[in-house]
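In what follows, a structure is listed as structure tokens, so that the remarks can point back to it.
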There are 2 protein chains.
Amino acid sequence: MMKKLVIKDIAEQLQVSKSTISFVLNGKARQHGISIKLENKILKYVEKVGYQPSRIAVGLSTGKSKTIGMLVEDISDPFFSSIARVVERSALSSGYRVIYGSTENDTVQAIDLLQAFRNHNVDGYIIAPPPGTENYIRELVADGFPVVVFDRDVPGLDCDKVLIDNFNGALQAVEHLVDRQFKNIAMVTLLSKQNQMEERANGYLKALNDSGLVQRIKQIPYDLEKSKCVEQIRRFLAGQKAIDAVFFSTNYLALGGIEAIRQLGLQVARDIGIVVFDDNTNFELFSPPISAVAQPVKQIGEQVTEIMLSRLQSNTPAAFQRIVLKTNFIARESTLSQPLKANVF
Amino acid sequence: MMKKLVIKDIAEQLQVSKSTISFVLNGKARQHGISIKLENKILKYVEKVGYQPSRIAVGLSTGKSKTIGMLVEDISDPFFSSIARVVERSALSSGYRVIYGSTENDTVQAIDLLQAFRNHNVDGYIIAPPPGTENYIRELVADGFPVVVFDRDVPGLDCDKVLIDNFNGALQAVEHLVDRQFKNIAMVTLLSKQNQMEERANGYLKALNDSGLVQRIKQIPYDLEKSKCVEQIRRFLAGQKAIDAVFFSTNYLALGGIEAIRQLGLQVARDIGIVVFDDNTNFELFSPPISAVAQPVKQIGEQVTEIMLSRLQSNTPAAFQRIVLKTNFIARESTLSQPLKANVF
DNA sequence: GTGAAAGCGCTAACAG
DNA sequence: CTGTTAGCGCTTTCAC
């Protein structure tokens, strides 16, 4: 077990004091009038022996951990993991690490994680906020931490936000169904008060209102296991034979819905049109390819990190930003209204 | 800005010393003969004011950070993010956090991350090792850190390992193609010396050898952008008209391959059979559904964490484990050998 | 039974 | 220009 080098070792080897090393390493040689010669000597030696300061000691001493805490709903969800990836990469290039936590949309878990982050002295928080976390987040903001909320808005919470235009994304998707001559358009969504789901529902309602069609919304509880979810959708569709198209508010629900449609012996597109909010699952390779509302994952990640890093690096408290990114609707074959020709790729 | 409570505050409020608090909080009240009464009083007060020790200070003082560093190839890859999720969950229940890093299979990035982990004083390492990291990992092991390698073996590296049976997984998949009467079976894989890819290739070669068929392997460079990758596969297929089936060694390659097949105006199953190693992408919903070798993601995650936690919690250095998990072959319609009927779900 | 004090590895006043 | 020193918040030895 090779003993890890510490600053004291370096100081002894080089016959200088710890602080001199520290100054040099933190680029403060100049303001402390350390000779270029000594500086180079130190730099060279440190490089040679591969010394790296213990982040944990630096953290204790400075109060800064150079890490960002990121709270997502589920890191195994492609939507979140893609964003996480973008954040990780850009943060790293500014010397920040990211620690993640999956909330499963649960208040208690989320708050536990946020407390854990806090005990780890994270410098900033990137949060897809589960319900019930408003107050804790507000505290974080009040205590002066940079907080960037994304994916879902929390009305009344004052901090930086990177959101997408759920209302118009949904509106556009449902209008597309209307354009394609579907007459009985249902929506399958989560049983949730979360802002982004409500906005998607509002978009749906608006589109149907505008065209005078009947509205039917089926809400599925959040933590239902997959098979139950499929069953609920199947029952819903079976009970409402008139439905000729469905707007799914999430990717996950759509996967369950497609399964349900299969179980009913129906075929997507030929028997029922479908369109999905969120395009992260190879929908273009499905049979038929599924029309979807694509969220700008990369942009979300970049914006989030950009705001976070700028807060972290400047201490001038700029006004909070609220960025709303546009979605991108992609029409594919799942929303053709007439019987579809054999479509095997 | 509400000042965070520290142990000193508690001590002052309660008129006892810091160490007493510390003992109680760490369940060492008994061995230090602290009265139950005092203990309860402290516990109650701590609970009431919501005091939580600074992990970073605890870390500095104990040398333990209660965090595990996890190195994956790409956290946005469903295979890795699913495993990460499992690890996160089980680690958390034992009080460990996980910090991730994506290596992009790059030696330098991987080592940088590992060093960063080390500076963060992580207590253990879970690693999907990129090429060229053997020595660094070996150092970690030599320095007494628990290290669990997964997904790919590094022959000659002595540490805990959780692997899957790539050879037999591939063998089975290709034998399936042979059974289905395909005669010109190609393999598309990564240009890589990594053990798991070689094993998959060996499985392919064995299956073809056993049945006396001609072997053709196309290797694609790792970091090619998607469109180039598609192009290379397209050219390969176009140049070898006789090919009637393809075994893709990764999920990602298969997605490119399906695109390439489309571009050539061919149809999967009808014109060309395909089977894929790794089943993480809703292949059952594709058109036609794609036959695949499923990796036991959940088991991998659980095994990895179990080994890690047992190392972390016991100091008796048990012998290294090498666990090899079986894959699960799923035959779907992409490997029917005769022309397929119209298949729209 | 309890508390003072040293120390984990680093930073940053401050003194010289 | 450089070094001494006092913390950061906690753990743990050892003396009372």
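First the proteins, then the strands, lettered A, B, ... as listed; each starts at 1. Heavy atoms only: backbone and side chains are in, while hydrogens, waters and symmetry mates are out.
- At least one side-chain nitrogen or oxygen of B/Y51 sits closer than 4.0 Å to the OP1 or OP2 atom of D/dC10.
- Considering only the side chain of A/S19, C/dA13 comes nearest among C/dG3, C/dA13, D/dC10.
- Of the N and O atoms on the side chains of A/Y222 and A/E73, at least one donor lies less than 3.5 Å from an acceptor on the other residue.
- Here C/dC8 presents its P atom at 11 Å from CG of A/D9, a figure rounded to the nearest Å.
- When the nearest nucleotides of DNA chain C are assigned to B/T62 and B/V16 by heavy-atom distance, the more 5′-ward of the two goes with B/V16.
- Comparing D/dG3, D/dT11, C/dC10 by their closest approach to the side chain of B/S61 singles out D/dT11.
- OP1 or OP2 of C/dT11 sits under 4.0 Å from a side-chain N or O of A/S22.
- For A/S17, counting side-chain heavy atoms from C-beta on, the closest listed nucleotide (D/dT13, D/dC10, D/dT4) is D/dT4.
- Salt-bridge formation is not detected for the pair B/K18/B/E12: no Lys NZ or Arg NE/NH1/NH2 atom is positioned less than 4.0 Å from an Asp or Glu carboxylate oxygen.
- Comparing D/dT13, D/dC10, C/dC10 by their nearest atom to the side chain of B/K18 picks out D/dC10.
- In this structure, the CZ atom of B/R55 is 11 Å from the P atom of D/dC10, given to the nearest Å.
- In this structure, the CD atom of A/Q31 is 15 Å from the P atom of D/dT2, given to the nearest Å.
- Looking only at atom types and distance, the side chain of B/Q321 has no donor-acceptor partner in the side chain of B/D160 under 3.5 Å away.
- Rounded to whole Å, atom C1' of C/dC8 lies 18 Å from atom NZ of B/K66.
- Between B/H32 atom NE2 and D/dC14 atom C1' the separation is 11 Å, expressed in whole Å.
- Of the listed nucleotides (D/dT11, D/dG3, C/dG9), C/dG9 has the atom at the smallest distance from the side chain of A/S54.
- Here C/dG3 presents its C1' atom at 14 Å from CD of B/E12, a figure rounded to the nearest Å.
- Straight-line distance from the NZ atom of A/K8 to the C1' atom of C/dG9: 10 Å, rounded to whole Å.
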Yes or no on salt bridge (Lys or Arg N to Asp or Glu O under 4.0 Å) for A/K298 and A/E302, after CA distance, side-chain angles and deciding distance?
CA-CA 6 Å; A/K298 187 145 175 277; A/E302 284 166 354; 3.4 Å; yes
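- A/S35 comes within 4.0 angstrom of sugar-phosphate atoms only, judged by non-hydrogen atoms across all strands, and of no base.
- A/I56 comes within 4.0 angstrom of nothing in the nucleic acid, heavy atoms only.
- Here C/dG9 is the nucleotide among D/dT12, D/dC10, C/dG9 with the atom lying nearest to any side-chain atom of B/L60.
- Atom NZ of B/K41 is separated from atom C1' of C/dT2 by 14 Å (rounded to the nearest Å).
- Taking the centre and axis of the six-membered ring of A/F23, the NZ or CZ atom of A/K28 falls outside the cone set by 45° and 6.0 Å.
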